[in-house]
Amino acid sequence: MRIAVLSDIHSNLVALDAVLAHAEALDAVWHLGDVVGYGPEPDGVVARLAEVGAVGVRGNHDAAAIGGLEIEWFNPEARTAIEWTRDHISPATRGWLAAHPEVRVMSDITLVHGSPRDPLREYITSEAIAGTNLEELATPHGLHGHTHVPVAFVANGDQVRRCDPPADVPQAFAGERSLLNPGSVGQPRDGDPRASYLVLDPETMTATWHRVDYDIAAVQAAMRAAALPGRLIDRLAFGE
Ligand code: ZN
């Protein structure tokens, strides 16, 4: 079984379509939230995810877009984009987002946006934060996003190690406890502007991260036309 694991798509339909084309005939699509926010096509992204039968969890931007999280949690550009999203999403998009749980367990893998202990807010950015969350994780493995950085944290006994996975090289996590972050489809922040995602084989617990080129200029033009904040438009070109 091969599953495409996507996170932080952020209303970037051009990047999502490039990733789905790259992933081709997979058995399932799982997403880790922040489907909307920042980008210009929230309804298009939700329609495409519904079309491919994606299952997933709610992110902080998704929650804020449907009024489930205080907007004061966000920086000014993010807040402007959330307000724009609130004004532009259809009732169908709102309903699809509202039906999402904050935590979803798929056999021995837990899906969250931020972290297992604080699904909407906490950023897993260090071995120490990962270690505490791995202790609280009810399943051996977890998938999360939120930082927009592709990374794995792996626990073996008391030791937690960080793995910065190279693209296209399968990584095996069977027999260990792990937290895997596919990176961001729609707004990468690790210095590489290409869309990031991973393909997971849950039977062998093998994950392969991938990077995919997409038409960044087209998305920037759509964001300009929507009058979204300039910094959000510029950062797509740099992946930071
Ligand atoms: Zn995000």
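When a ligand or atom number is given, it counts from 1 through the structure's own listing order. In what follows, every heavy atom counts, from backbone to side chain, and hydrogens, waters and symmetry copies are set aside.
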Exercise. Which protein N, O or S atoms lie under 2.8 Å from the Zn ion (ligand 1)?
Worked result: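 As for protein N, O or S atoms lying under 2.8 Å from the Zn ion (ligand 1), they are Asp8 OD1, His10 NE2, Asp34 OD2, His148 NE2.
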
Problem set entry | Among Asp34, Leu97, Val35, Ile66, the one residue meeting side-chain contact (heavy atoms from CB on, under 4.5 Å) with Arg58 |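 By the side-chain contact (heavy atoms from CB on, under 4.5 Å) criterion, Arg58 pairs with just one of Asp34, Leu97, Val35, Ile66: Ile66.
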
For this session: Return the orientation label for the His88 and Trp84 ring planes: parallel under 30°, perpendicular over 60°, tilted otherwise.
Result: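 Taking Trp84 first and then His88, their aromatic rings lie parallel (interplane angle under 30°).
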
For this session: Flag the pair Arg86 and Glu83 as a salt bridge only when some basic side-chain nitrogen lies within less than 4.0 angstrom of an acidic carboxylate oxygen.
Result: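 Glu83 and Arg86: not salt-bridged.
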
For this session: For His61 and Tyr38, run ring-ring contact (aromatic ring centres under 6.0 Å, His included): C-alpha distance rounded to whole Å, both residues' side-chain angles, the deciding distance at 0.1 Å, then the answer.
Result: CA-CA 9 Å; His61 285 255; Tyr38 294 138; 4.6 Å; yes

For residues 215-228, which side-chain N or O atoms pair as donor and acceptor with protein atoms under 3.5 Å away, sequence neighbours left out?
unit_1 : atom_1 : unit_2 : atom_2 : d
Asp215 : OD1    : Ala217 : N      : 3.4
Asp215 : OD1    : Ala218 : N      : 3.1
Gln220 : NE2    : Ile233 : O      : 2.8

Exercise. Is it true that His144 and His113 have ring centroids separated by less than 6.0 Å?
Worked result: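 Ring-ring flag for His144/His113: false, centres at least 6.0 Å apart.
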
